[in-house]
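All of these numbers come straight from a predicted model, not from anything done at the bench. Just so you know, ligand 1 is whichever comes first in the structure, and atom 1 is the first atom listed for that ligand. Residue numbers start at 1 and run along the sequence shown.
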Amino acid sequence: MEEFHKVRRLPPYVFEQVNRLKASARSRGADIIDLGMGNPDLPTPISVVEKLCEVVRDPRTHRYSTSRGIPGLRRAQANYYARRFGVKLDPETQVVATLGSKEGFANMAQAITAPGDVVLCPNPTYPIHAFGFIMSGGVIRSIQAEPDSSFIPALERAVRHSIPKPLALILNYPSNPTACVASLDFYKDIVAFAKKNDLIILSDLAYAEIYFDGNPPPSVLQVPGATDVTVEFTSMSKTFSMPGWRMGFAVGNERLIAALARVKSYLDYGAFTPIQVAAAAALNSDGAEIEEVRNVYRRRRDVMVEAFGRAGWHVPPPPATMFAWARIPEPFRSMGSLEFSKMLVEEAEVAVAPGIGFGEHGDDHVRIALVENEHRIRQAARSIKRLLASAGGGSDNVIALGARR
Ligand SMILES: Cc1ncc(COP(=O)(O)O)c(C=O)c1O
């Protein structure tokens, strides 16, 4: 039977292939060190958990909530933007709470896309950036992920050669998977470009608080006038280690926020009220918990870069995010990222995310997530060292390693 129109446009998740190998290795008793999925392993701060427990006892919170988010939560998010970025938002018209930022992004795509609309999307990138629009009938035109001096000329080319003219541009800095960060000057150029070319900017700032080198990543909304064309998405998942709670936000341009709120009003009744109240408490807290989360990832990053480096795999230290974007070591480069990742599971008992899962331009890299403790990261490095050493004997050994699977 022919596959449904929409499903045909969604290729099977590449990461599933590695997951399957991981599951079967585990069922054989292997102790897989899982640096694959970006699924934070740290517990949610206890004060946030306690707030949830307290609120859930009140039966009034058991009813349907509001799809846009309760007012106290939207106010807490507006206050966070004021404190952290100096950006003033009206919680009534410029803030919507979402069921994780992924849901918000996908439903924004659904709200604004007409069939055939062109959207400029980084490649490699987090899959929902492209597939949110593909599911909504849009067409993706890939752009580079690095926010460097060739970005604007590449955008100019993309706009010149797209028919119809692009509807929107997706930004994601700090980036998953590349960990690239953007400066405020970069955003200034982008906002000017977007205004000139009538482009909507959708900025994914999920890693706003996971940075290591003393430079907090800016928000594109800090650019004067950016709200005329921009919506930005943030997430509680990484900042407060709350991935399972499904809580995120869209903020910015009133017309776009209203469009998202309208679509969501048909789809959901908002997150469970106790979750929203606890999320508001987290956002209103003094930031000490965020600092702790940041320090854990920073230490893991340093251990990973050092231990992998000693193993012979030189990984650039990511300035932000919980990921390192690592070029496949030379002896294995021609395998491509999927085969290399499968081999790592089988030969080194280490799982990483193949770069191809983030787009074709990611295929010579893998993404290493810092979601295991320092001891386990060192253990992963030792296994990888053995693997690299056995490949050091020349291309015959690499072929033999590949063939063993
Ligand atoms: C760049 C980026 N955006 C969005 C998300 C999804 O976050 P949420 O849990 O808020 O849906 C992730 C999660 O890994 C991400 O890396």
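- No donor-acceptor pair closer than 3.5 Å links the side chain of R367 to the backbone N or O of W325.
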For a quick test of your reading: what N or O donor-acceptor pairs under 3.5 Å do the side chains of residues 109-120 make, sequence neighbours left out?
residue, atom, partner, partner atom, Å
Q110, NE2, N107, OD1, 3.1
T113, OG1, A109, O, 2.5
D117, OD2, A114, N, 2.8

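- In terms of modelled atom types and a separation under 3.5 Å, the side chain of T61 and the main chain of D58 share a donor-acceptor contact.
- For S101, the side-chain hydrogen bond (donor to acceptor under 3.5 Å, both in side chains) test picks out no residue, with sequence neighbours left out.
- Within 4.0 Å of ligand 1, protein heavy atoms belong to G100, S101, K102, Y126, N172, N176, D204, A206, Y207, S235, S237, K238, R246, listed by chain and number.
- For Y81, the side-chain hydrogen bond (donor to acceptor under 3.5 Å, both in side chains) partners at least two apart in sequence or on another chain are E232.
- Of the residues T98, L99, L73, T234, the one that meets the side chain to side chain contact (heavy atoms under 4.5 Å, CB included) test with M247 is L73.
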